[in-house]
**Q** 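I have a structure I would like to understand better, so I am pasting it below and will then ask my questions one at a time.
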Amino acid sequence: MKGPRERPRRLRRNETLRRLVRETRLSADDLVFPLFVTEGKTQPIASMPGQFRWSVEEAAKQAEQIASSGIPAVLLFGIPAEKDEVGSQAYARDGVVQQAIRKIKAAAPELLVIGDVCLCEYTSHGHCGIINAAGEVLNDETLELLARTAVSQAEAGADIVAPSDMMDGRVAAIRSALDEAGLSEVAIISYAAKYASAFYGPFREAAESSPAFGDRRGYQMDPANRREALREVNLDLAEGADIILVKPALSYLDLLRQVREVCPVPLAAYNVSGEYAMVKAAAQAGWLEEKRVVMEILTAIKRAGADIIITYHAPDVVKWLKE
Ligand code: PBG
């Protein structure tokens, strides 16, 4: 008898067999859908086809649809009408995100609401913290404002807060502030390993949050570093993070794998705006098959180690999974 003895192709012969031996399965349960909420009227986001800045009213309607589609959670970003030096709309009791949280919780009580905790959408200079006269982002002074932001979102009804600013010590500062405010049940998703990535470009247009001067390399991580990410993860775990996040996802799959090996808590990956825009642009040009490419990317992110995937593709994915 000629030919190989080992024949892996035996298990690939038809879809039923492939289904039986499939190692990774995407499900609606894995997904978080980011929503942008504006104090103005609903507008499309040019750099992110299919995504919108929603008015508070319409964000609540969207959230209801998301909940009924089976997606467990939304992540909220606010675009305030007024920005200032200290980002005061981030922690205003009636800030745009706080209003949206209340409306969404009333419309879809079972949907998990996650608040992004950062100042860059709220500061006139577009940095993620407060700055001094030299334009440096001040770490410890910023912590207090981040903690206030987290508490005000939790008081409005957020189930989870997700600090994305990359200041040192913010998980501990937010945890103590929440506990002191009697909000010990509110969880923290920490953007532990968040890189200074060019893949956030479309988001910054969407959130009008590009830095007016300089860049974010003084606080976000250098894309060349892997060991440093493990240090950040360990610090955030020690400070009380309930879920760890790696961001972006696609160019950092090695990190997702490595963090998964050492991390005892759920691991999330953020499939960011630039990753979304690349697929959308190529699909619009007819160069890529959108559905297959998206499913392959998200499956790869899950295979690499993510338990949770934050993605703008979430509503499409849920539709495709039902087909
Ligand atoms: C806020 C924040 C950003 C993103 C999430 N939270 C932008 C940034 O750090 O500049 C990016 C998300 C995306 O690109 O989809 N700090």
Side-chain angles (χ1 to χ4, degrees), residues 31-37 45-53 73-80 83 87 89-91 96-97 114-123 125-131 137 139 142-143 145-146 149-150 153 158 160-167 170-171 174 188-223 232 245-252 268-281 294 297-298 301 306 308-314:
L31 306 175
V32 175
F33 184 53
L35 276 181
F36 297 94
V37 191
I45 301 169
S47 55
M48 300 175 69
Q51 304 300 313
F52 295 80
R53 295 188 200 103
V74 289
L75 169 62
L76 299 185
F77 294 98
I79 301 129
K83 306 195 186 211
Q89 284 303 304
Y91 38 91
V96 61
V97 159
I114 309 172
D116 178 81
V117 174
C118 194
L119 298 185
C120 64
E121 300 120 69
Y122 306 92
T123 51
H125 45 74
H127 278 288
C128 301
I130 45 181
I131 54 173
V137 176
N139 192 88
T142 298
L143 293 182
L145 301 184
L146 293 168
T149 304
Q153 292 179 356
I160 306 179
V161 291
S164 68
D165 53 283
M166 290 302 278
M167 297 302 120
R170 89 266 205 221
V171 174
I174 289 172
I188 300 176
I189 296 184
S190 164
Y191 288 69
K194 175 170 175 178
Y195 285 88
S197 171
F199 286 103
Y200 309 149
F203 173 96
R204 291 187 190 163
E205 192 188 312
E208 298 163 358
S209 64
S210 295
F213 59 87
D215 55 45
R216 303 210 201 294
R217 286 182 293 177
Y219 38 104
Q220 298 180 350
M221 283 183 47
D222 183 337
E232 286 280 7
L245 187 137
V246 170
K247 177 182 173 188
L250 209 41
S251 324
Y252 299 85
Y270 200 139
N271 175 223
V272 299
S273 58
E275 299 172 36
Y276 174 85
M278 284 196 303
V279 171
K280 283 287 180 183
V294 169
I297 289 173
L298 299 189
I301 293 171
I308 298 165
I309 306 173
I310 302 176
T311 179
Y312 304 97
H313 297 292

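As the structure lists them, so they are numbered: ligands from 1, and atoms in each ligand from 1. For the single chain, residues carry numbers from 1 onward in sequence order.
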**Q** Where's the contact between Cys118 and ligand 1, heavy-atom distance under 4.0 Å: side chain, backbone, both or neither?
**A** side chain
**Q** Answer yes or no for Lys194: is there a heavy-atom contact with ligand 1 below 4.0 Å?
**A** yes
**Q** I'd like to check which ligand 1 atoms, numbered from 1 as shown, lie under 4.0 Å from a non-hydrogen atom of Tyr312.
**A** 12 (C), 13 (C), 15 (O)
**Q** Closer than 4.0 Å to some heavy atom of Ser164 - which atoms of ligand 1 meet that?
**A** 1 (C), 2 (C), 6 (N), 16 (N)
**Q** Would you mind running through ligand 1 and noting each atom that sits below 4.0 Å from a heavy atom of Asp116?
**A** 6 (N)
**Q** Considering the options Lys194, Arg216, Arg170, which one meets the salt bridge (Lys or Arg N to Asp or Glu O under 4.0 Å) requirement together with Asp165?
**A** Arg170
**Q** For atom 10 (O) of ligand 1, which of the options Glu275, Arg204, Met48, Glu121 provides the nearest non-hydrogen atom?
**A** Arg204
**Q** Run the side chain to side chain contact (heavy atoms under 4.5 Å, CB included) test on Phe199 and Leu250 for me, step by step, so that the C-alpha distance in whole Å, both residues' side-chain angles and the decisive distance to 0.1 Å come before the verdict.
**A** CA-CA 10 Å; Phe199 286 103; Leu250 209 41; over 6 Å; no
**Q** Out of curiosity, is Asp165 lining ligand 1, as in a heavy atom under 4.0 Å away?
**A** no
**Q** Before you tell me yes or no, could you show the steps for Gln51 and Tyr276 under side chain to side chain donor-acceptor pair (under 3.5 Å), namely the whole-Å CA-CA distance, both residues' side-chain angles and the distance that decides it to 0.1 Å?
**A** CA-CA 10 Å; Gln51 304 300 313; Tyr276 174 85; 3.0 Å; yes
**Q** With heavy-atom distances below 4.0 Å as the criterion, list the atoms of ligand 1 near Arg216.
**A** 8 (C), 9 (O), 10 (O)
**Q** Which residue from Glu205, Lys247, Gln220 reaches closest to atom 4 (C) of ligand 1 through any of its heavy atoms?
**A** Lys247
**Q** Are Tyr270 and ligand 1 in contact, using a heavy-atom cut-off of under 4.0 Å?
**A** yes
**Q** Between Thr311 and Leu31, does the side chain to side chain contact (heavy atoms under 4.5 Å, CB included) criterion hold? Intermediate values first, please.
**A** CA-CA 7 Å; Thr311 179; Leu31 306 175; 4.0 Å; yes
**Q** Within a strict 4.5 Å, meaning less than it, do heavy atoms of the Lys280 and Tyr312 side chains meet?
**A** no
**Q** Looking only at protein heavy atoms, which one is nearest to atom 14 (O) of ligand 1, and how far off is it?
**A** Ser273 OG, 2.7 Å
**Q** Just jot down the ligand 1 atoms closer than 4.0 angstrom to any heavy atom of Phe77, in number order.
**A** 5 (C), 6 (N)
**Q** Backbone N or O of Asp116 within a donor-acceptor pair of the Gln153 side chain at under 3.5 Å?
**A** yes
**Q** Report, in ascending order of atom number, the atoms of ligand 1 lying under 4.0 Å from any heavy atom of Cys120.
**A** 1 (C), 16 (N)
**Q** With nothing but distance in play, are any N or O atoms of Tyr191 less than 3.5 Å from an N or O of ligand 1?
**A** no
**Q** Kindly assign one of parallel, tilted or perpendicular to the pair Phe36 and Phe203, based on the angle between their ring planes and the thresholds 30° and 60°.
**A** tilted
**Q** Mind checking the CZ-NE2 spacing from Phe213 to His127? Nearest 0.5 Å is all I need.
**A** 4.0 Å
